[in-house]
Amino acid sequence: AYMHTQDDAYPDQFKAHIESMEAEHIKALSLETILQSHETRLRLPARTVAFTFDNPDQSFFEEIWPTLRDKNIPFAVFISPRSDDKQTSS
């Protein structure tokens, strides 16, 4: 899971991770595919990963999403509300 994408070095580091995965023949599958495999007890291919991003910020959409899109890499995004985002009734 990737959590902090606003670090200036992060996009380059992420791209290096993707290049390393490709060189090592590591396959990214969707979280849905992995969960279905678990539920049906089907074996996943060796060297399988899923990408998840927790509470992505603007840099995700500017720097990371284009890489995922261009390389057709599936991913999941998780958004968790913060306690300071509580709405008050009027």
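Positions are given from 1 along the sequence.
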Non-hydrogen atoms of E63 and K15 that approach each other most closely:
O-CE, 4.5 Å

Pairwise distance CZ(R47) to NE2(H25) - rounded to 0.5 angstrom:
8.5 Å

Count the heavy atoms of every other residue, nucleotide or ligand shown that sit under 6.0 Å from CG of D70, and state whether that count exceeds 12.
yes

Rounded at 0.5 Å granularity, tell me how far CG in L35 sits from OG1 in T40.
10.5 Å

Out of curiosity, F60 CZ to F14 CZ, how far, rounded to the nearest 0.5 Å?
7.5 Å

If you look at every heavy atom in P74 and S30, which pair is closest and at what distance?
CG-N, 3.4 Å

Does atom CZ of R43 have more than 12 heavy-atom neighbours from other groups under 6.0 Å away?
no

Does the side chain of H17 reach to within under 4.5 Å of the side chain of F51, using non-hydrogen atoms?
no

With hydrophobic residues grouped by side-chain heavy-atom distances under 4.5 Å, do F75 and L29 end up in a single group?
no

Using the rule that Ile, Leu, Val, Met, Phe, Trp and Tyr join whenever any side-chain heavy atoms are under 4.5 Å apart, tell me whether M21 and L44 fall into a single cluster.
no

How long is the span from the CG atom in L31 to the CD atom in Q36, to the nearest 0.5 Å?
10.5 Å

Hydrophobic cluster membership, with links at side-chain heavy-atom distances under 4.5 Å among I/L/V/M/F/W/Y: are W65 and V49 in one?
yes

Distance, nearest 0.5 Å, that separates NZ of K71 from CD of E19:
6.5 Å

Would a single hydrophobic cluster contain both I26 and I64, if residues Ile, Leu, Val, Met, Phe, Trp and Tyr are joined by side-chain heavy-atom contacts under 4.5 Å?
yes

If you count every heavy atom of other residues, nucleotides or ligands that lies below 6.0 Å from E62 atom CD, does the total exceed 12?
yes

Report yes if some heavy atom in the side chain of N55 is under 4.5 Å from a heavy atom in the side chain of I79; otherwise report no.
yes

V77 and L68: same hydrophobic cluster, using ILVMFWY side-chain contacts below 4.5 Å?
yes

I73 and A28: which non-hydrogen atoms are nearest, and at how many Å?
CG2-CB, 3.8 Å

